[in-house]
Amino acid sequence: MEFQSDQSREMSPQRKNGRGKIAIKRIENTTNRQVTFCKRRNGLLKKAYELSVLCDAEVALIVFSSRGRLYEYSNNSVKATIERYKKASSDSPNNGSISEANTQFYQQEASKLRAQINNLQNQNRNMLGESLGGLNLRDLKNLESKVERGISRIRSKKNELLFAEIEYMQKRQEIELHHNNQYLRAKIAETERAHQQNMNLMPGSSNFNLVQPQPFDARNYLQINGLQSNDHDYTVQDHPPLQLV
């Protein structure tokens, strides 16, 4: 009992003297909320029972707790009472008034949506510089500032995309240039290897040495006109005629 009284005092801090009013809102404290649910549920079930007995009414009460637990009361049968309710609601003459109320509600919502659509269309036309006749000086200044801010954001985004595209192209060119350099180096190395193999396959390439040119000395050469036969007599048969090849 002391615990419940403490919980009730914590639950209703707005009480001053006696039994004051309680703020109807969700109780944040879990324990206080559970205690209040148990008390109110029992009171509601008691009131339903009293109503069915005192007034001879058919009462059906269904309550689900926050944890999903079911509590119910009926002086006849809950299912039978629900079926009776469905039948009564389907045969009720108030259905026409309900449908009319729904029609009016949807018509009002449709008119609100049409007004919003027209407003948005007018704003779009104003942003494009059209239908400016109904705007005053203040509206035109506001529109101008909006357009300038929009243009600034558009240019910023455009420059960002251009810089990103330029950076991408530069990286792509660098990669292609690197691949081309690697390809040329490989071709040069392959050509050098093929040339070296051809040199190795040549006959006598290992003993082949370049002859250094000798300097010209006139003493090593004889003048044909200066030849004289001193001691020997050469005949034509001994020396065959010279032929240029």
Side-chain angles (χ1 to χ4, degrees), residues 7-17 20-37 40-41 44 62-69 85-86 89-90 92-187:
Q7 297 296 337
S8 62
R9 284 195 295 271
E10 292 178 0
M11 180 185 64
S12 57
Q14 296 180 355
R15 291 183 179 180
K16 296 181 180 179
N17 295 324
K21 293 184 178 180
I22 300 175
I24 304 301
K25 62 180 182 178
R26 185 178 183 273
I27 301 173
E28 299 298 334
N29 187 280
T30 306
T31 305
N32 295 343
R33 186 167 61 249
Q34 185 65 25
V35 172
T36 303
F37 172 76
R40 300 271 176 154
R41 179 201 63 199
L44 184 60
I62 299 174
V63 179
F64 284 96
S65 66
S66 59
R67 299 179 181 178
R69 189 172 180 180
Y85 165 75
K86 291 180 179 179
S89 61
S90 61
S92 176
N94 295 328
N95 290 335
S97 61
I98 294 174
S99 62
E100 291 178 358
N102 292 333
T103 303
Q104 293 178 358
F105 172 76
Y106 290 126
Q107 288 178 354
Q108 292 176 358
E109 291 295 323
S111 62
K112 291 180 181 179
L113 292 175
R114 283 194 293 270
Q116 292 179 0
I117 291 171
N118 292 330
N119 188 18
L120 292 174
Q121 289 178 351
N122 291 330
Q123 290 181 1
N124 291 333
R125 285 193 292 267
N126 293 335
M127 294 293 289
L128 295 175
E130 301 175 356
S131 302
L132 301 178
L135 301 179
N136 54 20
L137 181 60
R138 183 177 180 180
D139 295 335
L140 291 174
K141 288 183 178 180
N142 293 333
L143 180 62
E144 183 182 7
S145 62
K146 290 180 181 178
V147 172
E148 289 178 352
R149 288 195 297 268
I151 292 174
S152 177
R153 288 193 291 267
I154 291 171
R155 288 176 177 172
S156 177
K157 185 62 177 180
K158 183 188 71 174
N159 294 332
E160 181 180 354
L161 294 177
L162 286 176
F163 292 150
E165 186 69 18
I166 291 171
E167 184 178 0
Y168 170 75
M169 293 300 296
Q170 289 178 350
K171 290 183 178 179
R172 184 176 178 181
Q173 289 178 357
E174 291 177 358
I175 293 173
E176 291 180 355
L177 182 61
H178 179 68
H179 289 169
N180 292 334
N181 291 337
Q182 288 183 344
Y183 175 76
L184 291 175
R185 292 193 185 97
K187 293 294 290 183

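Heavy-atom basis, side chains included; hydrogens, waters and symmetry copies ignored.
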Can you name the residues that form a salt bridge (charged side-chain N to carboxylate O under 4.0 Å, His left out) with R185, not counting sequence neighbours?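 For R185 there are no salt bridge (charged side-chain N to carboxylate O under 4.0 Å, His left out) partners, ignoring immediate neighbours.
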Going from [atom1] on [X] to [atom2] on [Y], what distance comes out if it is rounded to the nearest 0.5 angstrom?
X: L120; Y: Q116; atom1: CG; atom2: CD; result: 7.0 Å
X: E109; Y: K112; atom1: CD; atom2: NZ; result: 5.0 Å
X: L44; Y: R40; atom1: CG; atom2: CZ; result: 10.5 Å
X: R33; Y: T30; atom1: CZ; atom2: OG1; result: 4.5 Å
X: L135; Y: L143; atom1: CG; atom2: CG; result: 6.5 Å

Let's go through I175 and H179 carefully: what are the C-alpha distance in whole Å and the side-chain angles of both, what is the deciding distance for side-chain contact (heavy atoms from CB on, under 4.5 Å) to 0.1 Å, and is it a yes or a no? CA-CA 6 Å; I175 293 173; H179 289 169; 3.5 Å; yes
Let me see the working for F37 and S65 under side-chain contact (heavy atoms from CB on, under 4.5 Å), right down to the final yes or no. CA-CA 8 Å; F37 172 76; S65 66; 3.6 Å; yes
Do Q182 and H178 meet the criterion of a side-chain donor-acceptor pair at a distance under 3.5 Å?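 Short answer, yes.
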Could you go through residues 144-162 and list every donor-acceptor pair under 3.5 Å that involves a side-chain atom there, pairing it with any protein atom two or more places apart or in another chain?
unit_1: S145; atom_1: OG; unit_2: K141; atom_2: O; d: 3.4
unit_1: S145; atom_1: OG; unit_2: N142; atom_2: O; d: 2.6
unit_1: N159; atom_1: ND2; unit_2: R155; atom_2: O; d: 3.2

Write out all pairs satisfying side-chain hydrogen bond (donor to acceptor under 3.5 Å, both in side chains) with one or both partners inside residues 122-131, taking only residues at least two apart or from two chains.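 The answer is N122-R125.
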